[in-house]
Amino acid sequence: MSEEKLPSRAENYSEWYNQVVLKAEMADYAPVRGCMVVRPYGWALWENIQASLDQRFKATGHVNAAFPMLIPKSFLEKEKEHVEGFSPELAVVTIGGGQELEEPLIVRPTSETIIGHMYSKWIKSYRDLPILINQWGNVVRWEMRTRLFLRTLEFYWQEGHTAHASEQEAQEETLRMLEVYTRFAIDEAAIPVIPGHKSDSERFAGAQRTYSIEAMMGDTRALQSATSHNLGQNFARAFDIRYLDPNNELQYCWTTSWGLSTRFVGAIIMAHGDDQGLILPPRLAPIQVVLIPIFRNDEEKSSVLPVVERLSAELTDFRLRVDDRTELTPGFKFNDWEMRGVPLRLEIGPKDVQNQTVMAARRDKPGKAGKTLLNQDQIARQVKELLEEIQKAMLDRATAFRDEHIHNPKNYDEFKDIITRGWAFSWWCGSAACEAKIKEETKATTRCAPIDQSEGKGTCIYCGKPANEKVYFARAY
RNA sequence: CGGGGUGUAGCGCAGUUGGCAGCGCACCGCGUUUGGGACGCGGGGGUCGGCGGUUCAAGUCCGCCCACCCCGACCA
């Protein structure tokens with residue numbers, strides 16, 4: 001339960017984030033540094049994310065399976081870039097049942113290797129392809145600096161792993177899943193993400209090409225919210241994933257992988273929250289509507305509660321919570337549910353009983369601006385409309401905010417200024433040296449390059465040489 | 001791993017010259033309250049981060065260790 005005000009976002013954004021996560025009871029710190037406990041309210045949000053994504057994965061032909069958490073150390077070492085990328089952050093098990101292990105086991109940081117191993121057993125013929133498997137699970141990466149949801153030692157995610165007969169099919173799959181993530185983020189989470197491909201330095205260890213969706217947080221920093229990798233034949237060669245083609249010739253498969261993690265919860269918090277706390281998009285909110293009965297005495301109570309009961313029976317299509325706690329005042333409850341981001345609040349008191357009304361308050365519009373007096377008639381229809389309006393307004397607001405904070409600097413001086421308070425969409429020559437210099441001088445990294453490069457050619461914002469691509473630069477989480 | 005900081009009730013903190021371990025919030029009970037963060041009265045709760053030292057006496061002084069937080073180098 002929350003008793004105090006949150007720090008304002010302007011005065012201390014990261015403290016605002018920590019406090020809102022703790023006070024809204026989304027998560028708590030675990031006894032092990034860098035680990036978190038996802039509390040029921042946070043997990044309920046994650047479950048809604050899972051349900052929505054899972055449905056989209058199934059609709060695109062994928063099936064779920066589960067692979068083990070422990071991976072032989074030697075597996076990680078089979079793909080050169082992969083081991084180089086991940087070895088600094090591995091948790092290694094060396095003892096089992098009191099005995100030193102013959103071969104140390106890795107707690108999976110991601111599952112390309114073990115899934116690759118299994119695919120090489122399962123795939124014999126072009127008739128076995130494509131293989132389209134997703135797994136919901138947890139992984140461990142030993143990070144230096146951690147933040148609840150955004151970067152923890154252990155996190156929950158889904159990882160899709162597919163194998164295909166041709167490079168083109170693998171590339172289509174990679175982009176298809178990028179599109180699935182994009183639609184999910186925009187349509188369900190109301191976060192106007194920007195899809196694109198990563199630079200080589202930001203590429204997944206072992207991938208041929210990495211794509212991501214990038215979201216703008218309330219402090220204008222960028223958050224990579226999901227990734228999709230075209231792994232080429234790198235893992236197929238490392239794990240000997242081969243098939244006989246129709247001409248009876250052995251071919252290496254083309255594989256992909258793609259993932260979205262509990263980090264996305266952090267994206268929702270920071271993309272939409274305000275100084276009062278969370279604002280959750282109706283489609284994903286664990287509680288869509290909170291109903292608060294108001295009465296002063298037993299007489300009012302006995303007239304209010306039947307109406308509350310009747311109306312809540314009409315609202316069973318929604319994720320509804322009736323807050324009938326007697327030890328708290330309505331004022332406290334208003335603030336508490338606002339902090340927790342419930343999109344719509346309904347108040348029912350003696351006046352409403354008398355007038356056949358319900359006071360509705362939209363979370364996305366603070367104060368009186370968000371209040372409407374509803375008629376008790378057809379309450380479900382009105383609630384449905386309001387939730388849809390809120391969902392839309394949240395996307396509109398986030399989109400406007402994003403667009404206000406993306407600029408096209410004319411030169412590097414302008415770039416340096418812009419990057420302190422937004423993103424820069426600039427020409428880049430593609431050299432790792434320019435990218436590194438920009439990062440060193442401004443802390444901004446390349447986030448992604450949109451797939452559709454309609455503006456032709458230009459000159460690099462840093463070195464002035466010819467550039468084929470415009471990319472987004474931003475300070476990132 | 002480098003720089004800075006903090007460890008006292010669940011949380012936030014105070015604790016003077018070394019002398020009975022406290023305050024606010026939260027929690028429990030009773031009563032009054034309830035349309036934007038209610039109030040009164042009464043309660044429960046402590047290995048003062050750990051180990052060692054000085055002292056009649058250590059939360060307080062000294063030494064070592066540990067943990068956590070913030071800022072930098074790596075990342076979904």
Side-chain angles (χ1 to χ4, degrees), chain A residues 1-6 12 14-15 18-19 22-23 28-34 84-90 109-110 138-147 149-159 181 198 201-205 207 210 212-215 222-229 257-267 276-277 292-298 300-301 304 323-339 345-355 357-361 366-368 370-371 373 436 439-440 443 445 476-477:
Chain A
M1 199 171 308
S2 109
E3 67 289 357
E4 284 158 34
K5 280 210 166 108
L6 295 163
N12 190 344
S14 76
E15 197 45 34
N18 291 338
Q19 292 291 320
L22 294 172
K23 286 187 170 164
D28 201 353
Y29 294 103
V32 176
R33 179 197 72 87
E84 280 172 13
F86 280 107
S87 52
E89 53 189 52
L90 295 178
T110 180
N138 55 343
V139 289
V140 169
R141 299 180 185 177
W142 216 265
E143 301 289 349
M144 295 296 198
R145 295 198 53 205
T146 57
R147 300 284 308 277
F149 289 114
L150 301 176
R151 183 175 298 110
T152 46
L153 296 199
E154 180 188 19
F155 58 88
Y156 302 87
W157 75 344
Q158 58 66 219
E159 45 179 326
Y181 289 136
K198 291 296 223 178
S201 70
E202 300 272 334
R203 203 181 65 226
F204 174 73
T210 287
S212 71
I213 53 173
E214 300 287 328
L223 185 75
Q224 179 176 309
S225 304
T227 50
S228 186
H229 315 291
S257 68
W258 26 274
L260 180 147
S261 75
T262 36
R263 166 180 267 197
F264 199 85
V265 172
Q276 309 310 313
I292 299 180
I294 295 161
F295 47 80
R296 273 170 304 218
N297 49 47
D298 284 350
E300 289 182 351
K301 182 178 172 183
V304 166
D323 188 351
D324 54 5
R325 292 175 294 179
T326 51
E327 71 275 18
L328 298 171
T329 62
F332 182 94
K333 293 177 184 176
F334 297 169
N335 286 286
D336 196 45
W337 291 113
E338 279 170 13
M339 195 262 307
R345 178 180 75 238
L346 300 180
E347 306 166 19
I348 299 174
K351 288 180 221 163
D352 301 300
V353 172
Q354 195 161 40
N355 304 328
T357 55
V358 179
M359 183 58 85
K368 287 213 169 112
K371 288 210 172 191
L373 199 59
K439 183 176 181 182
E440 191 182 318
K443 293 180 187 161
T445 51
Y477 276 98

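Lettering follows sequence order; numbering is per chain, from 1.
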> If you check the A:Met144 side chain, which of B:G35, B:C74, B:G36 turns out closest?
Replying inline: B:C74

> When all nucleic acid strands are considered with a 4.0 Å heavy-atom cut-off, which category describes A:Phe295: base, sugar-phosphate, or nothing?
Replying inline: base

>> Between P on B:G36 and CH2 on A:Trp337, what's the gap in Å once rounded to a whole number?
In response: 19 Å

> Which part of the nucleic acid, if any, lies within contact of A:Gln224, taking any heavy atom under 4.0 Å across all strands shown: a base, the sugar-phosphate backbone alone, or nothing?
Replying inline: sugar-phosphate

>> Please give the stem ranges for RNA chain B, sorted by first residue number, where a stem is three or more consecutive Watson-Crick or G-U pairs and both donor-acceptor distances are under 3.5 Å.
In response: B:1-7 with B:66-72, B:10-13 with B:22-25, B:27-32 with B:38-43, B:49-53 with B:61-65

>> By the 4.0 Å heavy-atom rule, please label A:Glu338 as base, sugar-phosphate, or nothing.
In response: base

>> Is the phosphate of B:A38 approached by A:Thr329 (side-chain N or O, under 4.0 Å from OP1 or OP2)?
In response: yes

>> Taking B:C23 as the reference, what is the distance to B:G46 when you measure between their P atoms (whole Å, please)?
In response: 15 Å

> Short question: side chain of A:Arg141, backbone of A:Pro109 - any donor-acceptor pair under 3.5 Å?
Replying inline: yes

>> Between B:C62 and B:G7, how far apart are the two P atoms, rounded to whole Å?
In response: 15 Å

> For the pair made of CD in A:Glu440 and P in B:G72, what is the distance, rounded to whole Å?
Replying inline: 15 Å

> Considering only B:C75, B:G35, B:G36, which nucleotide approaches the side chain of A:Ile294 most closely?
Replying inline: B:G35

>> Rounding to an integer number of angstrom, what distance separates B:G50 and B:A58 when you compare their C1' atoms?
In response: 16 Å

> Taking all atoms of both residues into account, what is the closest heavy-atom pair of A:Lys333 and A:Leu328, and its distance?
Replying inline: CE-O, 3.7 Å

> Can you check the A:Tyr29 OH to B:C68 C1' distance for me, whole Å?
Replying inline: 11 Å

>> Check whether A:Tyr477 forms a cation-pi arrangement with A:Arg151 (NZ or CZ under 6.0 Å from the six-membered ring centre, at most 45° off the ring normal).
In response: no

> Between A:Asp352 and A:Gly349, is there a donor-acceptor pair closer than 3.5 Å when you use the side chain of the first and the backbone of the second?
Replying inline: yes

> Under 4.0 angstrom, heavy atoms only, what part of the nucleic acid is A:Asn297 near: base, sugar-phosphate, or nothing?
Replying inline: nothing

> Within the distance-only criterion (no hydrogens, no angle test), does the side chain of A:Ser212 pair as donor or acceptor with the backbone N or O of A:Glu214 below 3.5 angstrom?
Replying inline: no

>> Rounding to an integer number of angstrom, what distance separates B:G24 and B:C68 when you compare their C1' atoms?
In response: 24 Å

> Roughly how many Å is it from CD in A:Glu327 to P in B:C27, rounded to a whole number?
Replying inline: 8 Å

> When we call it a touch if two heavy atoms are under 4.0 Å apart, what does A:Ser87 touch: a base, just sugar-phosphate, or nothing?
Replying inline: nothing

> How about A:Tyr29 and A:Leu22: do any of their side-chain heavy atoms sit closer than 4.5 Å?
Replying inline: yes

>> Tell me whether the count of non-hydrogen atoms from other residues, nucleotides or ligands lying under 6.0 Å of CG in A:Asp298 goes above 12.
In response: no

> In whole Å, what separates the P atom of B:A57 from that of B:G52?
Replying inline: 16 Å

> Which heavy atom of A:Phe334 sits nearest a heavy atom of A:Ile292, and at what distance?
Replying inline: CD2-CD1, 3.7 Å

>> Distance check needed: B:C74 P versus A:Leu153 CG, whole Å only.
In response: 18 Å

> What does A:Lys333 touch in the nucleic acid at a heavy-atom separation under 4.0 angstrom: a base, only the sugar-phosphate, or nothing?
Replying inline: nothing

> Just checking A:Leu150: base, sugar-phosphate only, or nothing, at a heavy-atom cut-off of under 4.0 Å?
Replying inline: base

> How close or far is atom P of B:C74 from atom CD of A:Glu202, stated in whole angstroms?
Replying inline: 11 Å

> Is the distance from OP1 or OP2 of B:C75 to the nearest side-chain N or O of A:Arg145 less than 4.0 Å?
Replying inline: no

>> Heavy atoms only, 4.0 Å cut-off, all strands: where does A:Arg345 land among base, sugar-phosphate and nothing?
In response: base

> Counting side-chain heavy atoms from C-beta on, which of B:A76, B:C75, B:A73 comes nearest to A:Arg151?
Replying inline: B:C75

> Base, sugar-phosphate, or nothing for A:Gly349, non-hydrogen atoms under 4.0 angstrom?
Replying inline: base

> Pick the nucleotide of RNA chain B nearest each of A:Lys371 and A:Ala476; which residue has the one closer to the 5' end?
Replying inline: A:Lys371

> Where the side chain of A:Asp352 is defined as all heavy atoms beyond and including C-beta, which of B:G35, B:C74, B:A76 is the nearest nucleotide?
Replying inline: B:G35

> When the ring centroid of A:Phe86 is compared with that of A:Phe204, is the distance short of 6.0 Å?
Replying inline: yes

